[in-house]
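This report refers to the structure that appears directly beneath it.
Below, chain A is the first sequence line, B the second, and so on; all start at residue 1. Quick caveat: nothing in here was measured; it's all calculated off a predicted structure.
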2 protein chains.
Amino acid sequence: MQTKECTEDICEQLCEHPQIICIAKKESISDSEAQQVAEIFKLLGDPTRVKILQVLTKRELCVCDIAAVIEMGQSAVSHQLRLLRNARLVRYRREGKMAWYSLDDEHVRSLLSQGIDHIKHR
Amino acid sequence: MQTKECTEDICEQLCEHPQIICIAKKESISDSEAQQVAEIFKLLGDPTRVKILQVLTKRELCVCDIAAVIEMGQSAVSHQLRLLRNARLVRYRREGKMAWYSLDDEHVRSLLSQGIDHIKHR
DNA sequence: CTAACATATGAACATGTATTCATATGTTGT
DNA sequence: ACAACATATGAATACATGTTCATATGTTAG
């Protein structure tokens, strides 16, 4: 990790291009923003979660049905659903012993379908 | 990992909802598609790479400038750039000892800006 | 109340990944 | 040819993450 002085008017580096660095820094997002953006994509960055989210795109499903559809164990699915629930990407409601999950974020629906389109057209 | 029988017309399970599972399975994406989609999002799922891609959104930069802008070591940046290069998310050209990197995928530009929008509006 | 069931969760394990350090590769100027 | 430089890369380390197993929680039917 390098720490470089880089004020508005005085930029003293060796190899780098001081002005460009200064401008680019101002246009760059903050650490915390980058972290938050990465957090969302990280959740979309696992095949199991992609499959879960994709099937929830079509309809609300209960846990055991999700597990059956994507052919994974109930526990694995439940753990992943917890992550998605915490990030508010899925909504869930209890109905007796069943827990019904559905997509809870139109942004994510859109990101997901863009991701799927992306790999289909290339 | 559970493996369940699930043909077109005969669905025999215990707790699950057979018809829904059959329909949902047909609408679900394949393992390899889910894998590929996850691969893309996984690349977007790291704060360092988010920052790199975001600064490359604005302009082409050389490695040492990227490192200076995002305040990371040259080696770390270079390693990440290799991943992005292999996935063809960034283009690069050599100019003497310098290597200039730029965004090479409009889909990714769009995904990235959607991701950034998403965390900004909530 | 009890048994059967659906879901959630903690612990353990294996695997993947990001950064750092040291060094290699390849270029430029002298 | 040599020194300075920009970038790339292999190895090592530390850390994060996904799945499984066992079990806990909470609900329904009898």
B:Q80, nearest nucleotide to its side chain (from D:dT7, C:dA18, D:dG18):
C:dA18

Send over the distance from A:I70 CD1 to D:dG18 C1', rounded to a whole Å.
12 Å

Roughly what angle, to 10°, lies between the helix axis at the start of the helix from C:dC1-D:dG30 to C:dT30-D:dA1 and the one at its end, five pairs per end?
30°

Mind calculating the distance between NE2 (B:H17) and C1' (C:dC5) to the nearest angstrom?
13 Å

Checking D:dA8, C:dG10, D:dT7 against the side chain of A:R82 (C-beta onward), the nearest is C:dG10

Where the side chain of A:S78 is concerned, which of C:dT19, D:dT7, C:dA8 is the nearest nucleotide?
C:dA8

Do B:R59 and A:I23 come within less than 4.5 Å of each other through their side chains, counting heavy atoms only?
yes

For the pair made of CG in A:L81 and C1' in D:dG18, what is the distance, rounded to whole Å?
14 Å

Atom CG of A:N86 and atom P of C:dT9 are separated, to the nearest Å, by 9 Å

Whole-Å gap separating C1' (C:dT7) and OH (A:Y92)
9 Å

Any heavy-atom pair between the side chains of A:L81 and A:I66 that's under 4.5 Å?
yes

Considering only heavy side-chain atoms of B:V63, the closest of D:dA8, D:dG18, C:dT7 is D:dA8

State the OG-CZ distance between A:S113 and A:R109, to the nearest 0.5 angstrom.
8.5 Å

Would you kindly give the CE-to-P distance between B:M98 and C:dG26, to the nearest whole Å?
19 Å

Over 60° means perpendicular and under 30° means parallel, so classify the ring planes of B:W100 and A:H17, tilted if in between.
tilted

Residues of residues 30-56 of chain A with a heavy atom under 4.0 Å from any atom of DNA chain C, listed by number, are none

Could you walk me through whether A:Q74 and A:C64 pass the side-chain contact (heavy atoms from CB on, under 4.5 Å) check?
CA-CA 6 Å; A:Q74 174 268 325; A:C64 67; 5.9 Å; no

Short N/O separations, protein against nucleotides 21-26 of chain D, under 3.5 angstrom:
unit_1, atom_1, unit_2, atom_2, d
D:dC21, N4, A:S75, OG, 2.6

Rounding to an integer number of Å, can you tell me how far A:M72 CE sits from D:dT17 C1'?
13 Å

Would you mind reporting whether B:S28 and A:Q54 have side-chain heavy atoms less than 4.5 Å apart?
yes

Please determine if a side-chain N or O atom of B:Y101 lies less than 4.0 Å away from the OP1 or OP2 oxygen of D:dA8.
yes

Do the non-hydrogen side-chain atoms of A:H118 and B:I40 ever get within less than 4.5 Å of each other?
yes

If I take atom CG from residue B:L89 and atom NE2 from residue B:H107, how far apart are they, to the nearest 0.5 angstrom?
11.0 Å

Residue B:R88 excluded, over 12 heavy atoms near CZ under 6.0 Å
no

Starting at the 5' end of DNA chain D, which residue's closest nucleotide do you reach first, A:L83 or A:E95?
A:L83

